[in-house]
> 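Take a look at the following structure, please.
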Protein chains: 2
Amino acid sequence: MNLRDLKYVVAVADSSHFGHAAERCYVSQPTLSGQIKKLEDELGITLFERTKRSVAITPVGETIVAHAREILEQAETIRQLAQSHQDPLVGPLRIGAIMTLSPYLMPLILKPLRERLPQMRLVISEEMTETLLERLRKHEIDAALIATPVDTSEFATIPLFDEPFWLAHPRNHPFQEKKAITQKDLDNTELLLLSEGHCLADQAMEVCHMKARAEQGDMADLHAASLETLLQLVGVGFGCTLVPDLAVRGIRMNDKDIVTRRLQQKDAFRRVYPAFRRSFPRRQALDAFIEVLLDNLPDTVFRLS
Amino acid sequence: MNLRDLKYVVAVADSSHFGHAAERCYVSQPTLSGQIKKLEDELGITLFERTKRSVAITPVGETIVAHAREILEQAETIRQLAQSHQDPLVGPLRIGAIMTLSPYLMPLILKPLRERLPQMRLVISEEMTETLLERLRKHEIDAALIATPVDTSEFATIPLFDEPFWLAHPRNHPFQEKKAITQKDLDNTELLLLSEGHCLADQAMEVCHMKARAEQGDMADLHAASLETLLQLVGVGFGCTLVPDLAVRGIRMNDKDIVTRRLQQKDAFRRVYPAFRRSFPRRQALDAFIEVLLDNLPDTVFRLS
DNA sequence: TAGAATTATCGGTTTTCCCTATATCGGACC
DNA sequence: GGTCCGATATAGGGAAAACCGATAATTCTA
């Protein structure tokens, strides 16, 4: 059996005429006759009762043609599905981003994306780096926007931009008096940090030359679950923290209890990039997404391409 | 696209392994790889994201595989349908019979049929000869049990049996006195007849050497629509009529007002046979039906084979 | 670094499919 | 009754496809 055979059968059933059916299928009449006969032999039944003068479908043939029609319809559906997905930009692009980036980056690019790539559907998820990479491995997402170096033998990466860290401290904090925040000020300063697994915590510790988390112990219960929570703590004078650039923009405008300050250090930034499977078949979609992203970054971050 | 291709795709989707999928499809791995690739090219999309180490299905692939599964299931249904109809005895045999035969013949053979050919489903209809032949032409029935010669260039026929006519007259009719009913008695006797189109009417007239119907005129309103009605008329003394043998059996037992008499004439019978399309593909089913029919006829009719 | 596992590629063979030409059959027309 | 027309079936040859075995290429494992 064969999709082509079924098409022939349906054509004959529709026209009750081998010649016309053959014409409709763009083959010669002997070819169509032969294929129908072949199928009848294969199935062991007679589909059409034919005389030299007329063609009539048998009762079994009738039911079989009904199924054949459904099959051909399904096949057409498959072709249509494929057709509409042929443009690699069409169809959902599943992007995961770390939680300290996503809420501040996505608002910047979603509207431009809809304008520039209206046919692209974006599915966004927020997870911690490790979870993102795991989902990437399981093909649950197509790219992970992260800020931690990954094993490039497993995933491909494209550096997008360097995002500076800002210091956020309460209005009445000792730092308030200082004109500029130097590396020395930060060294071993106790910072409020996100909970385990968030790369921002590791990055902040690195910037401040803090000891590894495991040795701290006593501060464990101050690790917050989100940047928003962290900023709430800063706002009520609990301490200070580092905030990535894109997240700062909202704070400065809305929160009078929090002061955000540029850092003097040159290495106080994190590098943001997408990680994706090398075998990911829709690079074009990803590239288009990245282009729109880069075009809509504020000047406070440093584009790398 | 191709049923085979879809089978390959589903196999790969199931096993996530080209080699195993190939094994399951009884082809070599290169063949399967090649066909999958061909299909992907044809559809213009990537169905599977493969590395040297793993195979994962793409989102589009997932939906397409779902449709492919349905298609393969339908195809399997077609094969099963064909399988179960492969035995030509299986499946409905649509028999039409004239109304003066069907009610008296069918009760004789239905039970034996169910015993001998339990898998055969019989669909019976009762019509006048012309209507039966028309339905035969339209493939609405597979055989017509009739008693009028037909153009054997159009349909094939098989003589089954000769069915004698009996005379039915009221108990107090002049015929009552006669020892035997001769051809002379019948000649130009006015008989109660069935309405236009029933072959029994024509046959009765022939037996009695009656004038053609068109010239009678005054008797038109005595033409009844069924043999049962006719016998009711005989029962209340309205006249006499000819009754085919198989129909007589019920009368003799049940009706005390009607006398049934054998006729002396040798030609007072009708020949019963099935007519069927020469191209009818299930001769075996028809032959089997005929065999059971012949085996269960009473000795009062004369089997012809 | 060798070996095992897995998919892709290549060359040659077999099978299937298709076309043209022709046979065959039934009906229509003269 | 003979001839033509319309329809399906059959035959032969050529083109396309599908298939296989061998092998390359790549990646993970030991």
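Labels below follow one simple rule: chain letters A, B, ... track the order of the sequence lines, proteins then strands, and each chain is numbered from 1.
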> B:D151: what forms a side chain to side chain donor-acceptor pair (under 3.5 Å) with it, not counting sequence neighbours?
B:S153
> Just distance, no hydrogens or angles: give the donor-acceptor pairs under 3.5 Å from side chains in residues 120-127 of chain B, sequence neighbours left out.
{"from": "B:S125", "atom 1": "OG", "to": "B:R135", "atom 2": "NH1", "distance (Å)": "3.2"}
{"from": "B:E126", "atom 1": "OE2", "to": "B:S102", "atom 2": "OG", "distance (Å)": "3.0"}
{"from": "B:E127", "atom 1": "OE2", "to": "B:R135", "atom 2": "NH1", "distance (Å)": "3.3"}

> Give the angle between the helix axes at the two ends of the helix from C:dT1-D:dA30 to C:dC30-D:dG1, taking five base pairs at each end and rounding to 10°.
20°
> Could you list all the salt bridge (Lys or Arg N to Asp or Glu O under 4.0 Å) pairs where at least one residue sits in residues 55-72 of chain B, not counting sequence neighbours?
B:D14-B:R69
> For residues 84-96 of chain B, pull every pair meeting side chain to side chain donor-acceptor pair (under 3.5 Å), keeping only residues two or more places apart or in separate chains.
B:R94-B:D142
> Under 4.0 Å from any heavy atom of chain A: name the first and the last nucleotide of DNA chain D that qualifies, 5' to 3'.
D:dA7 to D:dT10
> Not counting sequence neighbours, which residues clear side chain to side chain contact (heavy atoms under 4.5 Å, CB included) with A:P30? List them please.
A:S28
> Side-chain N or O of B:H17 versus OP1/OP2 of C:dT7: is the shortest distance under 4.0 Å?
yes
> What pairs with B:K37 under salt bridge (Lys or Arg N to Asp or Glu O under 4.0 Å), at least two apart in sequence or on another chain?
none
> Sequence neighbours excluded, which residues qualify as salt bridge (Lys or Arg N to Asp or Glu O under 4.0 Å) partners of A:R79?
A:E76
> Nucleotide by nucleotide, 5' to 3', does protein get under 4.0 Å of the base (B), only the sugar-phosphate (S), or neither (-) in nucleotides 12-26 of chain C, counting heavy atoms?
-----SBBBB--BBB
> Tell me the interatomic distance from B:E154, atom CD, to C:dG27, atom C1', rounded to whole angstroms.
12 Å
> For B:R137, check salt bridge (Lys or Arg N to Asp or Glu O under 4.0 Å) against everything at least two apart and list the hits.
B:E134, B:E154
> Please enumerate all residues that pass side chain to side chain donor-acceptor pair (under 3.5 Å) together with B:R270, with sequence neighbours excluded.
B:T100, B:E163
> Dump the intermediate steps for side-chain contact (heavy atoms from CB on, under 4.5 Å) on B:Y273 and B:I158, then the final yes or no.
CA-CA 5 Å; B:Y273 48 85; B:I158 303 173; 5.5 Å; no
